[in-house]
Number of protein chains: 2
Amino acid sequence: MRSDVWSDLVDQGRLLVRLGKLLTHRHVEIYEGVGPTLGGMLAALSKGGAMRLTALADQLQVDTSVASRQAAELVERGLVERRPDPDDARAGILDLTADGHAVLQRARERSGEIVAAALADWSEAEARQLVELLTKLNGDLREELCGGRERVR
Amino acid sequence: MRSDVWSDLVDQGRLLVRLGKLLTHRHVEIYEGVGPTLGGMLAALSKGGAMRLTALADQLQVDTSVASRQAAELVERGLVERRPDPDDARAGILDLTADGHAVLQRARERSGEIVAAALADWSEAEARQLVELLTKLNGDLREELCGGRERVR
DNA sequence: CCTATAGTTGCGGGGAACAACCAACTGAGG
DNA sequence: CCTCAGTTGGTTGTTCCCCGCAACTATAGG
């Protein structure tokens, strides 16, 4: 069976990773000094709504320690608010502040512009299709990688 | 105009980055102890044929210093051979050794298997289409990011 | 009391950029 | 020719960021 397709996919994925990193790291500080990874956290909070640190870490597929530090920084910058969970004194609920929303909004616009410039000759249909396929891909990968109960270890 | 599409694309891209990293880092050492980044260099060499360090760095979109160190390690492991460029005593030509080819071959098979498992329910047509779109995306991004003469700074 | 869970902090490591550097290839003038 | 300035190919040192693991605290729940 044609395993070349998968290999090609892996290769292209790898390149995309690099380019994406360049994009976010170069066209600098899209998130107004926050950087791409913290920006990802903002985006996750926006999409998923207020949630606990562990949930956020799970969403982002990073270790809780990583999420903890990132969250701490965002809180310090006033982009995220942390309030105690009324049901559990150990836990905290993280949520975007008004500032966080604003920063994220501007960032989305800006990165959108950049991508739009690069992809000026794309039809919207193509773009949508790509997004759709990527979404499916991510879903399946996620399931394969962590859906199986094996912990991240 | 619908900038949501681009934002979604950015978000999905980011997630893919994370998942890809997990995949290569977890299903561990696909390249027999070489690791994903060095593997990428092997793949680039395979696809582009023997080339100079600078060309390789350009392909991979990394700084020459990074490529230099990676190449050095691959040479040390005997997966890549470095021979002097007859036309330029400063330069060297990097090329895969037989071992390098073998390792890469096995790695491609293995990562292909993993992806295939995760994407078992995909049709080959879908996969091909995704690869096609990704390739196009990468091409355009690359052009936008570094095609413009502005240096990386 | 004992175990499991939410989070934090202290390591350590890997990937990458930047800058400073050496070496060798240019390409004018003299 | 010859030399010297400028350019280009590579390497090394430093630093930074992101990450995972391990150890720890504190609360929850039986």
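Note on naming: letters A, B, ... go to the chains in the order of the sequence lines (proteins, then strands), and numbering restarts at 1 for each one.
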A.B. asks: Measure the distance from CD on A:E73 to C1' on D:dC17 and round it to the nearest whole Å.
C.D. replies: 10 Å
A.B. asks: What is the separation between atom CG on A:L94 and atom P on C:dA6, rounded to the nearest whole Å?
C.D. replies: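 For the pair A:L94 CG and C:dA6 P, the rounded distance is 13 Å.
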A.B. asks: Is there a donor and acceptor pair closer than 3.5 Å between the side chain of A:R90 and the base of D:dG29?
C.D. replies: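 No such pair is found, so the answer is no.
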A.B. asks: Whole Å only: how far is the CG atom of A:D87 from the P atom of D:dG29?
C.D. replies: 9 Å
A.B. asks: I want to check something: taking the side chain as every heavy atom from C-beta on, are A:R52 and A:I93 in contact at a cut-off of under 4.5 Å?
C.D. replies: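 Of all side-chain heavy-atom pairs linking A:I93 with A:R52, at least one is under 4.5 Å.
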A.B. asks: Just the rounded figure in Å: distance from P of C:dG7 to CG of A:L56.
C.D. replies: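 Rounding to the nearest Å, CG of A:L56 and P of C:dG7 are 10 Å apart.
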A.B. asks: Measure from CG on B:L38 to P on C:dG13 and round the result to the nearest Å.
C.D. replies: 17 Å
A.B. asks: If only side-chain N and O atoms of A:S68 are considered, is one of them under 4.0 Å from the OP1 or OP2 phosphate oxygen of C:dT8?
C.D. replies: yes
A.B. asks: Phosphate oxygens OP1/OP2 of D:dC19: is one of them under 4.0 Å from a side-chain N or O of A:Q61?
C.D. replies: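 No.
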A.B. asks: Is there side-chain contact between A:M51 and A:Q59, with at least one heavy-atom pair below 4.5 Å?
C.D. replies: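 Heavy-atom side-chain distance check passes, below 4.5 Å.
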A.B. asks: Would you kindly compare A:A71 and B:V62 by the position of their nearest DNA chain C nucleotide and give the one closer to the 5′ end?
C.D. replies: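 The 5'-side residue here is A:A71.
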A.B. asks: Taking the nucleotide of DNA chain C with the closest heavy atom to each, which residue, B:T37 or B:A89, is nearer the 5' end?
C.D. replies: B:T37
A.B. asks: Let me know the distance between CG of A:L74 and P of C:dG7, rounded to the nearest Å.
C.D. replies: 15 Å
A.B. asks: Side chain of A:R69, base of C:dG10: donor and acceptor closer than 3.5 Å?
C.D. replies: yes
A.B. asks: Where do A:D95 and A:V80 land on the side-chain contact (heavy atoms from CB on, under 4.5 Å) test, with the steps shown first?
C.D. replies: CA-CA 6 Å; A:D95 198 2; A:V80 164; over 6 Å; no
A.B. asks: Please report, rounded to the nearest Å, how far the C1' atom of C:dG15 is from the CE atom of B:M41.
C.D. replies: 12 Å
A.B. asks: Mind checking A:D63 for me? I need base, sugar-phosphate or nothing, with any heavy atom below 4.0 Å counting as a touch.
C.D. replies: base
A.B. asks: For C:dT8 and A:R82 - does any side-chain N or O of the residue sit under 4.0 Å from the phosphate oxygens OP1/OP2?
C.D. replies: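 Yes, such a contact exists.
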A.B. asks: Heavy-atom distance under 4.5 Å between the side chains of B:L134 and A:L133, does that happen here?
C.D. replies: no
A.B. asks: Rounded to whole Å, please give me the gap between CG in A:D85 and C1' in D:dA26.
C.D. replies: 15 Å
A.B. asks: Look at the side chain of B:L53 and decide which nucleotide, out of D:dT11, C:dA6, C:dA17, has an atom nearest to it.
C.D. replies: D:dT11
A.B. asks: Run the salt-bridge test on A:E132 and A:K136 with the 4.0 Å N-O cut-off and return the result as yes or no.
C.D. replies: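 Between A:K136 and A:E132 there is no salt bridge, as every charged N stays at least 4.0 Å from the carboxylate O atoms.
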A.B. asks: Please determine whether a side-chain nitrogen or oxygen atom of A:Q70 lies at a distance below 4.0 Å from atom OP1 or OP2 of D:dC19.
C.D. replies: yes
A.B. asks: Any side-chain N or O of B:T54 under 4.0 Å from OP1/OP2 of D:dG10?
C.D. replies: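 True: B:T54 side-chain N/O within range (under 4.0 Å) of D:dG10 OP1/OP2.
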A.B. asks: Using only heavy-atom distances, decide whether a donor-acceptor pair under 3.5 angstrom links the side-chain of A:S65 to the base of D:dC19.
C.D. replies: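 Counting by modelled atom types and ignoring angles, no donor-acceptor contact under 3.5 Å is found here.
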